[in-house]
Amino acid sequence: MRKKEIAIGPNEFNTGENAAPALMQRALEERRMHRWTEAVDDCQKAIALDALDPDVHRGQKLFLRLAPVLAEIRELDARLAITPGDDQLLADRALLFLRSDDGEMALLDSEAAAKKAEWALRPKLFRALALVSLDRAAEGQNLGVEQPFRLTSLSPEFLETIARLDAEISLERDNAELYVTRAWQLNEIGQPRLALEDAERAATLDEKSAGACLERGYALNKLGRADEALEQIKRATELDPQLTPAQQYLAELQGPK
């Protein structure tokens, strides 16, 4: 049966066997440029032409996953057009792409956000998650992210808290307590290397921060550096004898093995 004739260019028609995958490829390129109206239109044309083609089927699945959040993505596109390079908006959009299992687009946004805000945590986490979805998890090790690591392991409360902390740190880059709080969050989700980075940053800003010593101790112990961990926890109890978690953790570290 003759292929359905379909337009793929301003004055061009294609009825060949490769018309459908060519249209889907163009839809994917338009998606990369955030030209959503054209992308969805070309996707639908490709499906109408040959829904059984493997490339078309893969593209269709991707656009179906994007569909529930596409309105939110377009809203962020509009806001970024006004404030290009806003790291928080880029991270917000990266998260939407992650939820749609579009690792390629999530990686682009998270890398752009990381360049704009080296101190921010969300871009680093989202970049690691994007790499996982692209079967490049090993690259995430260079970011200090422990594997296995999945988006489902991050609760909405954690994501909301980290977004708030990133925003507050952007305004108060020398606030040690903010880094301590973020280190605590990271220790809680099993990311000791990232927690240690924040705790050490806090200690640099405030050498008498008991909280920084406590979080360093937690992270170091999880990294198998027990002697250093014990030293940090002891330091935390000396700096603040009323810091109950430090006293409890010290007892745990010094208890029977």
Side-chain angles (χ1 to χ4, degrees), residues 91 110-111 113-114 117-132 135-155 157-159 161-166 168-170 172-257:
S110 58
E111 287 181 336
E118 295 181 359
W119 65 86
L121 180 65
R122 282 199 307 162
K124 186 176 293 187
L125 294 177
F126 294 166
R127 184 182 175 191
L129 288 167
L131 289 169
V132 168
D135 295 323
R136 295 163 55 188
E139 296 178 44
Q141 293 289 331
N142 297 328
L143 302 173
V145 177
E146 302 288 341
Q147 298 295 337
F149 185 53
R150 298 291 184 272
L151 182 59
T152 53
S153 66
L154 304 180
S155 69
E157 293 77 17
F158 171 84
L159 291 169
T161 299
I162 291 300
R164 175 180 57 78
L165 288 169
D166 279 356
E168 291 178 353
I169 288 173
S170 72
E172 299 182 71
R173 300 283 296 282
D174 295 332
N175 187 324
E177 191 57 36
L178 292 175
Y179 291 97
V180 170
T181 303
R182 202 168 67 174
W184 183 89
Q185 293 285 336
L186 288 164
N187 271 323
E188 285 294 294
I189 66 165
Q191 291 296 332
R193 286 195 289 163
L194 292 176
L196 185 58
E197 288 180 15
D198 271 355
E200 289 182 339
R201 172 63 176 163
T204 300
L205 293 169
D206 181 3
E207 61 183 18
K208 293 185 178 181
S209 171
C213 292
L214 175 58
E215 297 308 323
R216 287 172 82 178
Y218 277 129
L220 287 165
N221 196 48
K222 290 178 182 178
L223 291 169
R225 297 159 62 180
D227 290 343
E228 295 173 78
L230 181 58
E231 180 183 339
Q232 287 298 316
I233 299 302
K234 285 181 177 178
R235 174 67 173 158
T237 61
E238 292 167 0
L239 288 168
D240 184 358
Q242 304 305 314
L243 189 60
T244 302
Q247 297 287 355
Q248 293 173 338
Y249 199 45
L250 179 61
E252 180 181 331
L253 292 178
Q254 292 179 324
K257 302 298 182 183

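These values consider heavy atoms only, across backbone and side chains, with no hydrogens, waters or symmetry-generated copies.
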Original post:
At what distance, to the nearest 0.5 angstrom, does OG of Ser153 lie from CG of Leu125?
Top reply: 9.0 Å
Sequence neighbours excluded and cut-off under 3.5 Å, please list the side-chain donor-acceptor pairs for residues 205-219, or say none.
from, atom 1, to, atom 2, distance (Å)
Asp206, OD1, Lys208, N, 3.1
Ser209, OG, Ala212, N, 3.0
Glu215, OE1, Asn187, ND2, 2.8

Subject >> Partner residues of Glu172 under the side-chain contact (heavy atoms from CB on, under 4.5 Å) criterion, sequence neighbours left out >> reply: Asn175, Leu178
Subject >> Residues forming a side-chain contact (heavy atoms from CB on, under 4.5 Å) with Glu197, sequence neighbours excluded >> reply: Lys124, Leu194
Subject >> Thr204: side-chain contact (heavy atoms from CB on, under 4.5 Å) partners, not counting sequence neighbours >> reply: none
Subject >> Where Val132 and Ala137 come nearest, the two heavy atoms and their spacing >> reply: CG2-CB, 3.9 Å
Subject >> Leu121 and Leu186, any side-chain heavy atoms less than 4.5 Å apart >> reply: yes
**OP:** Measure the spacing between CD of Glu146 and CZ of Arg193 and express it to the nearest 0.5 Å.
**Re:** 4.5 Å
Subject >> Nearest heavy-atom neighbours spanning Ala91 and Phe126 >> reply: O-CE1, 3.4 Å
Original post:
Residues in side chain to side chain donor-acceptor pair (under 3.5 Å) with Gln247, at least two apart?
Top reply: none
Original post:
What pair of heavy atoms forms the shortest contact from Lys222 to Glu188, and how long is it?
Top reply: NZ-N, 4.4 Å
Original post:
side chain to side chain donor-acceptor pair (under 3.5 Å) with Glu228: which residues, sequence neighbours excluded?
Top reply: Arg225
**OP:** Only counting residues at least two apart or in another chain, list the ones meeting side chain to side chain donor-acceptor pair (under 3.5 Å) with Arg164.
**Re:** Glu168
Original post:
For Arg136, which residues count as a side-chain contact (heavy atoms from CB on, under 4.5 Å) partner, sequence neighbours excluded?
Top reply: Leu107, Leu131, Leu134, Glu139
Give the table of side-chain donor-acceptor pairs shorter than 3.5 Å for residues 235-245, with sequence neighbours excluded, one pair per line with atom names and distance.
from, atom 1, to, atom 2, distance (Å)
Thr237, OG1, Lys234, O, 2.6
Asp240, OD1, Gln242, N, 3.0

**OP:** List for me each residue that meets salt bridge (charged side-chain N to carboxylate O under 4.0 Å, His left out) alongside Glu111, sequence neighbours excluded, and say none if there are none.
**Re:** Arg127
**OP:** Pick out which of Leu250, Leu220, Asn221 makes a side-chain contact (heavy atoms from CB on, under 4.5 Å) with Leu230.
**Re:** Leu250
**OP:** Could you tell me which non-hydrogen atom of Ala199 sits nearest to which non-hydrogen atom of Ala183, and how far apart they are?
**Re:** N-CB, 3.9 Å
Original post:
Going from CG on Leu143 to CZ on Phe149, what distance comes out if it is rounded to the nearest 0.5 angstrom?
Top reply: 10.0 Å
Original post:
If every non-hydrogen atom of Pro123 is compared with every non-hydrogen atom of Ala113, which pair is closest and at what distance?
Top reply: CG-CB, 3.6 Å
**OP:** Mind checking side chain to side chain donor-acceptor pair (under 3.5 Å) for Arg182 and listing every partner two or more places apart, or none if nothing turns up?
**Re:** Asp166, Asp198
Original post:
Can you check side chain to side chain contact (heavy atoms under 4.5 Å, CB included) on Leu154 and Arg122, steps first, answer last?
Top reply: CA-CA 11 Å; Leu154 304 180; Arg122 282 199 307 162; over 6 Å; no
